[in-house]
Protein chains: 2
Amino acid sequence: MHYGMPNPRPSGDSAFAKAPTIKEVAAAAGVSVATVSRALNASGPVHGTTSANVLAVARRLGFRPNLMGRNLRTTRTCTLGVMLPTLNHPVFAECLQGIEAQAQSQQQVIAVSATGYQVDAEERASERLLQQRVDGLILTVADAAHSSVLDKLDAEGVPYVLVFNQPGVTSPSLAARPFVSVDNFLAGKKMVEHLLSLDHQRVHMLAGQFQQSDRSLQRFLGYQAAMSAAGLPWSPPLELPFTTCDTRRELQDLLDRRSPPTALFCSNDQLAMTVIRDLRDLGLRVPDDISLAGFDGVHMGELLSPVLTTVVQPTAEIGRAAVDLLLQLIDGECYLGPALLHHTLRLGGTASRRTQEHQAAFASPPGPRTP
Amino acid sequence: MHYGMPNPRPSGDSAFAKAPTIKEVAAAAGVSVATVSRALNASGPVHGTTSANVLAVARRLGFRPNLMGRNLRTTRTCTLGVMLPTLNHPVFAECLQGIEAQAQSQQQVIAVSATGYQVDAEERASERLLQQRVDGLILTVADAAHSSVLDKLDAEGVPYVLVFNQPGVTSPSLAARPFVSVDNFLAGKKMVEHLLSLDHQRVHMLAGQFQQSDRSLQRFLGYQAAMSAAGLPWSPPLELPFTTCDTRRELQDLLDRRSPPTALFCSNDQLAMTVIRDLRDLGLRVPDDISLAGFDGVHMGELLSPVLTTVVQPTAEIGRAAVDLLLQLIDGECYLGPALLHHTLRLGGTASRRTQEHQAAFASPPGPRTP
DNA sequence: GTGAAAGCGCTAACAA
DNA sequence: TTGTTAGCGCTTTCAC
């Protein structure tokens, strides 16, 4: 179908002639609007020559269907609402890229909103998107098990798919909420097992605040499980606000303990990269003095030297899968359970085997430089 | 105004009662739809008690205005189209964040599309957004001086604002196209002047392909100007495809020349970070063996060690300013010229004073390791 | 195969 | 201050 691609200069009128409507196409083609509609959408029987003529006229006039009219009539907008905490973060940005690509390929438009993990922002944004009558929503919330926005969507029967959230595990009793993510518990466990396989025994976890991230909690539970399975004691996580950009004080406290960790597991790559820099400021080298692993698999981690050891999520794929699942839900297909996509471990250079030298570093820890 | 925030469970009906319309609110409140509309939008005279009653009823029913109806009637959607090459790239992601924030604060919704610098994707996306009847467009194109999409928007009188593009300079004859960016020429010039002030004389530029980036060209012209002003010879840029993720071969070629550069100016930070890694692979340290500067000011650059020397653009601010400018254009205010926002130099550690040692590195350049 | 007409939900004249 | 009414542009019965 080629209608809707107007000529550079519509029809010989001066200035900006207002966009022609289906009515004008009908008049110009000498048929009724119904026939034009059928021809343009191939939505009903229409004679070959009539159709060709209509299409030609529409093209000549630079006709561009007004979706407001169509949407009002069909009560479908072919628009998907997307609500993410931030668009700036590499993980969400890449996911959004995946969402957009898949949406585009399915002729959907996306309306995007950033919520900053603020419940009131989620409330406002969802309300606006629902007023726009989006067909469904793709979103990440702080805690998918306790979300007023999700409660509202459930109550109103609005189709939605969560990305990254992993609600089911914390509250299996709740009606299942559709989500697409990796198995954060398992991935966290695998990563810690990897650290343990490198002879580390004192592994600590640094995490975003669990209140703001149910998946962060899952990763911690994975850490806990791996430690317990190995017969090692686990420590409570160091929870850091989402906005943290300087971890030196917390790290210093951690390293000043009687048995400081030999390896750190950070619940996301952003945090991991910040920690690497701050460790460097404190005079510690990664991995020589301390090993470190992240979670996410952001591209930037591969530009570091050494390359960041991390769990790689198929971030863009999560976005694409969410679109597919959402479109199914919109089409009334019933929900068959969440999509857990495959993760992989990237065995970079920031986590290495514990050595004597390594131990020595802690026998006489260097004093802080600029605490 | 508080209407439109429905109670968790609309009105006692079973399952998912379809959303109430203004008509039903009118009936329930015992007034006409006109009065409801006026009360809800404060768009006309309405008695205090009547208004209060209407609002209460709307609230109780969980009324949520259907914007398709309103938009169709008003021919305004309060939606801004956003077309960027990619949503994944830190610069565009941060800009999008700024756009979204400002749009939200101005009660606008954004419809987002990624175009990957592909003209046909730009064509498709713009067409879809125009069918959606967005009120205007914010976009980045490859070359703003030669863009069929911009030609179309101009011809149809659709308001738009370019971000990052800097079209005027290359073709002052064309009707001015509204844009928001930094002064790429000046910023490039300043950065090269900084490198020259560190005693560098052989400075080379690495750039994204100019065909894909008019601003990259501006930065190169700034480089040229700085070199010329200092009485130094400039070299043609090393143009690399946008997708480049390995620059080792090109770098090796560059370093094998008779007088290899002592400093590199990369036209963006992504490229700069890739180059730093590849130089490292080739056995060269930054800045000890060679100095380097980037352009953009992405956050990640501050996590590097040493910190990336670069031009910092106010990326999010560019997005916000673009929204403000676009809304003015939509409101019919006339275009008063582009917004050139302030940039700053971040004097990180990747560009340092040229030393004897530095020179020595090139007296006997190390062979390639994995070319 | 085609047309006439109703109506999606809303706003804005115009009347009262 | 309030109500009546005519569309905004489109799809979709239902006749023919």
Side-chain angles (χ1 to χ4, degrees), chain A residues 1 3-4 6 17-55 57-58 61-79 130-135, chain B residues 1 3-4 6 17-55 57-58 61-79 130-135:
Chain A
M1 257 194 303
Y3 72 91
K18 93 177 203 348
T21 72
I22 196 175
K23 216 165 164 181
E24 293 159 86
V25 175
V31 294
S32 72
V33 292
T35 300
V36 174
S37 177
R38 283 189 282 253
L40 258 33
N41 304 310
S43 58
V46 56
H47 197 84
T49 47
T50 316
S51 173
N53 179 41
V54 167
L55 261 44
V57 170
L61 262 46
F63 173 69
R64 178 183 295 132
N66 183 332
L67 295 190
M68 312 314 301
R70 171 186 307 180
N71 294 343
L72 183 56
R73 179 60 221 241
T74 60
T75 65
R76 265 271 244 159
T77 54
C78 297
T79 300
L130 292 179
Q131 291 188 4
Q132 294 272 3
R133 295 301 190 267
V134 296
D135 293 335
Chain B
M1 257 193 304
Y3 71 92
K18 93 176 203 347
T21 71
I22 197 176
K23 217 164 163 180
E24 292 159 89
V25 175
V31 295
S32 74
V33 291
T35 300
V36 174
S37 176
R38 283 190 283 254
L40 259 34
N41 303 310
S43 58
V46 56
H47 196 84
T49 47
T50 318
S51 173
N53 180 40
V54 167
L55 260 46
V57 170
L61 262 45
F63 172 68
R64 179 181 294 131
N66 183 331
L67 296 191
M68 314 313 302
R70 173 185 306 179
N71 294 343
L72 183 55
R73 180 58 222 241
T74 60
T75 66
R76 265 271 244 159
T77 54
C78 297
T79 300
L130 292 179
Q131 291 188 4
Q132 294 272 1
R133 296 300 192 267
V134 296
D135 294 335

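Here is the naming used below: chain letters follow the sequence lines, and residue numbers restart at 1 for every chain.
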How close or far is atom [atom2] of [N] from atom [atom1] of [X], stated in whole angstroms?
X: B:Arg76; N: C:dG9; atom1: CZ; atom2: P; result: 24 Å
X: B:Arg38; N: C:dG9; atom1: CZ; atom2: P; result: 21 Å
X: A:Asn71; N: C:dG9; atom1: CG; atom2: P; result: 13 Å
X: B:Arg70; N: C:dC8; atom1: CZ; atom2: C1'; result: 16 Å
X: B:Gln131; N: D:dG9; atom1: CD; atom2: C1'; result: 13 Å
X: B:Asn41; N: C:dG9; atom1: CG; atom2: C1'; result: 13 Å
X: A:Arg73; N: D:dG9; atom1: CZ; atom2: P; result: 16 Å
X: B:Glu24; N: C:dG7; atom1: CD; atom2: P; result: 15 Å

Taking the side chain of [X] as its heavy atoms from C-beta onward, which of [options] lies nearest to it?
X: A:Thr35; options: D:dT1, C:dG3, D:dC10; result: C:dG3
X: B:Val31; options: D:dT2, D:dC10, D:dG3; result: D:dG3
X: B:Ile22; options: C:dG3, C:dC10, D:dT11; result: C:dC10
X: A:Ala34; options: C:dG3, D:dT1, D:dG9; result: C:dG3
X: B:Leu72; options: D:dT5, C:dA4, D:dG9; result: D:dG9

Inset, instruction - Using a 4.0 Å heavy-atom cut-off across all strands, classify B:Ser43 as base, sugar-phosphate, or nothing. - result: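 No contact.
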Inset, instruction - Under 4.0 Å between any heavy atoms, over every strand shown, what does B:Thr75 touch: base, sugar-phosphate, or nothing? Just pick one. - result: nothing
Legend entry - With A:Thr21, the side chain to side chain donor-acceptor pair (under 3.5 Å) member among A:Lys23, A:Lys18, A:Glu24: A:Glu24
Legend entry - By side-chain contact (heavy atoms from CB on, under 4.5 Å) - contacts of A:Ala19 (at least two apart):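 Residues passing side-chain contact (heavy atoms from CB on, under 4.5 Å) with A:Ala19: B:Arg133.
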Inset, instruction - Report the distance from atom CD1 of B:Ile22 to atom CG of B:Leu61, rounding to the nearest 0.5 Å. - result: 12.5 Å
Legend entry - Non-hydrogen atoms of A:Gly69 and B:Leu72 that approach each other most closely: N-CD1, 3.9 Å
Inset, instruction - With side chain to side chain contact (heavy atoms under 4.5 Å, CB included) as the test, would you mind laying out the steps for B:Leu40 and B:Phe63 before giving the verdict? - result: CA-CA 10 Å; B:Leu40 259 34; B:Phe63 172 68; 3.3 Å; yes
